[in-house]
Amino acid sequence: MGRFPRGRGWRYAVHSMADARNIRSHLETLVTTAVSRAVASGELPDVAVPTAAIERPKDPANGDFASTLPLRMARGAMRPPLELAKVIAKHFPEDAAVERPEVAPPGFVNFRLTSAFLQAQVEQTIALGENFADLALGEGKKAQVEFVSANPTGPLHVGNGRGAAIGDALAAVLAAAGYEVEREYYVNDAGTQTDTFGDTLYARYQQLAGREVSIPADGYPGEYMVDLARTIRDRDGDRYLREPGEASPPELNALGLELMVAQIGETLARFGVSYDRWYSEKSLYGAEGTYEQAMEVLREQGQLMQREGALWFTSSELGENKDNVVVRSDGRPTYYASDIAYHYDKFLRRGFSLVADIWGADHHGHVSRLKTAVRALGVDANALQILLYQLVTLKRGGEVVRLSKRGGEIITLDELVEEVGADAARFFFLMRSPGAQMDFDLDLAVRQSNENPFYYVQYAHARLASILQRAAEQGLTPDGGKVGLLSQPHELALIREMMRLVDIIETVATTFEPQHLPHFAMELATAFHAFNDAFKQAGDPGLKVITGDEDMSRARLRLVLAAKIALARVLGLMGMSAPERM
RNA sequence: GCCCCCGUAGCUCAGGGGAUAGAGCAGACGCCUUCUAAGCGUCUGGCCGCAGGUUCGAAUCCUGCCGGGGGCGCCA
């Protein structure tokens, strides 16, 4: 640890030992070293020591990082925590990245990063470019994020947008964390709701042909079904018409689903989401025999049982509160059976080591069942992460609008994107933790669009771009800027903020809490705006980014470039654009 | 009846064992001869739903209660 004498080769020391990606573990090592040195010197009793417990103080006055180790080990060591903190600080090794620690009551050891370390992060950021803040957490393992997967029985509504924003951001973060990620949409093109959809479509189709029929009682009353029927009739005429009273033709059903899935795909594309694969539920029952193989595994486990004319998965033997039907008495498999087969395919066929299913909270009752089934297939329970998001309560003019495909009124995702824009909608969805119910007042969102926080973040990016643009017009570029010149408090504060993205990515990738992204984005934007306006406040033209001092200008342009990279990265992870000008 | 989520500033929400509880919007007052004022600064605003408990330390963990939402189908 103190192997590198001060004043010699700090660059080598910093680069070889610590950067933004491993500074925490670096600090842990230093604290552990300090403790063992103190024990060796007899100043600390040789007792069991908890982990170094490196935290980030809320108040920057308490440093960049802090250890609460003294508070945690006080009881075991039978010494006051403040005293332990002083001893640990005393034996803390010299290090290029960290200043001498400070001790604060009741027993914190506070660490401040050196200017040299912070300055080096600017170079690091520029060197990494669009890979800035990438982690190796996933070790290149295959991960899948399956999200939205709404029944193709109608257009996507606002609630689906929440799932889309969350799933897409999570996929991006997992990719940044080192997983090989695939985005997937599970198309429910089999099952009873699909049949009802077909019956509704055929009823509308017949109505257009002048027949007096009504849609099924449990059918889909939305106007879009009339539009869909009309589209098909305009294209193919009456060719799907059968004798009055006959059942709806399967070809019409299939065509309707195909068109609906295509429409959903276009909606999501407008929202900025694209999938690697659209997976057909029906294909589970095709030539590949996925369904049969999955059931065979359960049968081998002795977990299938014929009873009351149906086939049951004996999940109660595996800790569930009841058994569940996989094949109905009429011979048709349930949705549950499909999902078991689907996850058999995800894990055992395609070999994903991490699968994240993003579901609306109305699927809550299905979570435990599916996890149990997946475990019965021989898959590690932790490999399947099911993230539930609470449904969106939509308001228009303060009045609650119910979101239901079967009810009359729905607000579509297309309408939302048209009214408030994809970037704003995504930011809004991501800001809330998935588990929290959220109100979305459309009128308010539109009216306040110029004051929405996402503009604040994008505006920061545009200002950064603008500074680089202005400098370039004067022949000034970041090239050759010496980051060692960056020493103003607001310059270093900006670097400190940029560094946090590594923490954010790790947190989101391990806790599946995407709301940290927009919150961090706002804080980074704040750090930049404060940096930028500090020059104005000071009233000193020498403090601007672009000044008469060319060396200083180039150094600050390097910081501006790095900050732009960091901001663009977090905007990208959220699936938002990073405009060069606004 | 049982299970899950939520209750934090006027509003919408972060924080989910550590230091004086935060942001945006709303409200008050300042700041453009200046690389974008879609910005910055200062101020106002809180029994962190209630009551117990665990802990050196609880908005955070546990128990109970109150309030809001969701789930518990041979629907998906």
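Keep in mind it's a predicted model, so treat the numbers as computed, not measured. Numbers restart at 1 for each chain; the letters A, B, ... are given by sequence-line order, proteins then strands.
Between the CZ atom of Phe454(A) and the P atom of A23(B) there is a distance of 22 Å, rounded to whole Å. Here the P atom of nucleotide A14(B) and the CG atom of Leu517(A) are 14 Å apart, to the nearest Å. As a whole-Å value, the separation of His529(A) NE2 from A38(B) P is 10 Å. As rounded to whole Å, 13 Å separates atom P of C74(B) from atom NE2 of His366(A). For Leu391(A) and G69(B), the CG to P distance is 13 Å, given to the nearest whole Å. Atom CG of Asn452(A) and atom P of A26(B) are 11 Å apart (whole Å). Note: CG (Leu430(A)) to C1' (C13(B)) measures 14 Å, nearest angstrom. What separates CZ of Arg328(A) from C1' of G73(B) is a distance of 10 Å, to the nearest Å.
Between Pro453(A) and Met438(A), the residue anchored nearer the 5' end of RNA chain B, judged by the nucleotide with its closest heavy atom, is Met438(A). Closest-nucleotide positions on RNA chain B for Ser466(A) and Tyr456(A) were compared, and the one nearer the 5' end corresponds to Ser466(A).
Contact annotation for Ala436(A): backbone-only contact, meaning every heavy-atom pair under 4.0 Å involves sugar-phosphate atoms and none involves a base. The residue Asn532(A) sits close to a base: some heavy atom pair falls under 4.0 Å. The residue Ala310(A) sits close to a base: some heavy atom pair falls under 4.0 Å. At a threshold of 4.0 angstrom between heavy atoms, the contacts of Asn188(A) are confined to the sugar-phosphate backbone, with no base atom among them. Looking at heavy-atom distances under 4.0 Å, Glu523(A) makes no contact with the nucleic acid at all. Base engagement by Arg369(A) is indicated by at least one non-hydrogen atom pair under 4.0 Å involving a base atom. At the heavy-atom level, Ala66(A) lies under 4.0 Å from base atoms of the strands shown.
On the P atoms, A37(B) is 40 Å away from C48(B), given to the nearest whole Å. U12(B) and G7(B) are spaced 14 Å apart, taking the C1' atom of each and rounding to whole Å. Nucleotides A59(B) and C13(B) are separated by 15 Å at their C1' atoms, to the nearest Å. Comparing the same atom, C1', in A14(B) and in C6(B) gives a spacing of 14 Å after rounding to whole Å. A gap of 12 Å separates the C1' atoms of C62(B) and U55(B), to the nearest Å. Of the P atoms belonging to U44(B) and G24(B), the separation is 15 Å, rounded to the nearest Å. Separation of the C1' atoms belonging to C3(B) and G27(B) is 44 Å when rounded to the nearest angstrom. Taking the C1' atom of each, C5(B) and G49(B) are spaced 16 Å apart, rounded to whole Å.
A salt bridge does not link Arg556(A) with Asp551(A): none of the charged nitrogens is closer than 4.0 Å to a carboxylate oxygen. Residues Glu550(A) and Arg554(A) are paired through a salt bridge, judged by an N-O separation under 4.0 Å between the basic side chain and the carboxylate. Ion pair Glu146(A)/Lys346(A) flagged as a salt bridge, since at least one NZ, NE, NH1 or NH2 atom sits closer than 4.0 Å to an Asp/Glu carboxylate oxygen. Note on Glu55(A) versus Arg72(A): salt bridge recorded, some NZ/NE/NH1/NH2 to OD/OE distance being below 4.0 Å.
For Val545(A), taking side-chain heavy atoms from C-beta onward, the closest of the listed nucleotides G24(B), C35(B), U12(B) is C35(B). The side chain of His519(A) approaches A14(B) more closely than any other nucleotide in the set A14(B), G71(B), C74(B). You'll find that the side chain of Asn62(A) is closest to A19(B), out of C74(B), A76(B), A19(B). Closest to the Ala530(A) side chain, of the nucleotides G41(B), C74(B), C35(B), is G41(B). For Lys322(A), whose side chain is taken as the heavy atoms from C-beta onward, the closest listed nucleotide among G73(B), G39(B), A19(B) is G73(B). Closest contact between the side chain of Arg470(A) and the listed nucleotides G18(B), C35(B), A76(B) involves C35(B). Candidate nucleotides A76(B), A14(B), A19(B) were compared by shortest atom distance to the side chain of Asn151(A), and A76(B) ranks first. Taking every side-chain heavy atom of Ala104(A) into account, A19(B) is the closest of A19(B), A38(B), G39(B).
For C11(B), its base never sits under 3.5 Å from the side chain of Asp439(A) at any donor and acceptor pair. One N or O donor and one acceptor, one from the side chain of Asn110(A) and one from the base of A19(B), sit under 3.5 Å apart. At a cut-off of 3.5 angstrom, counting only N and O atoms as typed in the model, there is no donor on one side facing an acceptor on the other between the side-chain of Gln437(A) and the base of G70(B). A donor-acceptor contact under 3.5 angstrom links the side-chain atoms of Gln193(A) to the base of C75(B). On a pure distance criterion of 3.5 Å, no polar donor-acceptor pair joins the side chain of Thr334(A) and the base of C74(B).
Under the side chain to side chain donor-acceptor pair (under 3.5 Å) criterion, Tyr336(A) pairs with no residue, sequence neighbours left out.
Side chains of Gln458(A) and Asp423(A): a donor-acceptor N/O pair is present below 3.5 angstrom, by distance only.
Checked against a 6.0 Å centroid threshold, the rings of Tyr186(A) and Tyr342(A) count as neighbours. Centroid-to-centroid, the aromatic rings of Trp359(A) and His364(A) stay 6.0 Å apart or farther.
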Bracket notation of RNA chain B in which parentheses pair within the strand, [ ] cross earlier pairs, and | pairs with another strand (Watson-Crick or G-U, under 3.5 Å): (((((((..((((....[...)))).(((((.......))))).....(((((..]....))))))))))))....

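Stacking of Arg432(A) on the aromatic ring of Phe429(A) is not recorded, the 6.0 Å distance cut-off and the 45° axial limit not both being met.
Each of Asn321(A), Asp323(A), Asn324(A), Thr372(A) was checked for a side-chain hydrogen bond (donor to acceptor under 3.5 Å, both in side chains) with Ser316(A), and the lone residue meeting it is Asp323(A). Each of Leu391(A), Val392(A), Ile358(A) was evaluated against Arg162(A); a single residue qualifies, Val392(A), per the side chain to side chain contact (heavy atoms under 4.5 Å, CB included) test.
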Ring pair (Phe, Tyr, Trp, His ring centres under 6.0 Å) between Phe528(A) and His461(A), intermediate numbers included: CA-CA 9 Å; Phe528(A) 162 69; His461(A) 186 270; 9.7 Å; no

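Within a 6.0 Å radius of CE in Met582(A), other residues, nucleotides and ligands contribute more than 12 heavy atoms.
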Pairs: protein N or O with nucleotides 15-17 of chain B N or O, under 3.5 Å:
residue : atom : partner   : partner atom : Å
G15(B)  : OP1  : Gln515(A) : NE2          : 2.7

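When the side-chain nitrogen and oxygen atoms of Thr192(A) are compared with OP1 and OP2 of A76(B), one or more of them lie within a distance under 4.0 Å. Look at Arg463(A) and you'll find a side-chain N or O under 4.0 angstrom from OP1 or OP2 of A37(B).
Look at C32(B): its glycosidic torsion is within 90° of 0, and that puts it in the syn range.
In this structure, Asn160(A) and Phe147(A) have side chains that are not in contact, with every pair of non-hydrogen atoms separated by 4.5 Å or more.
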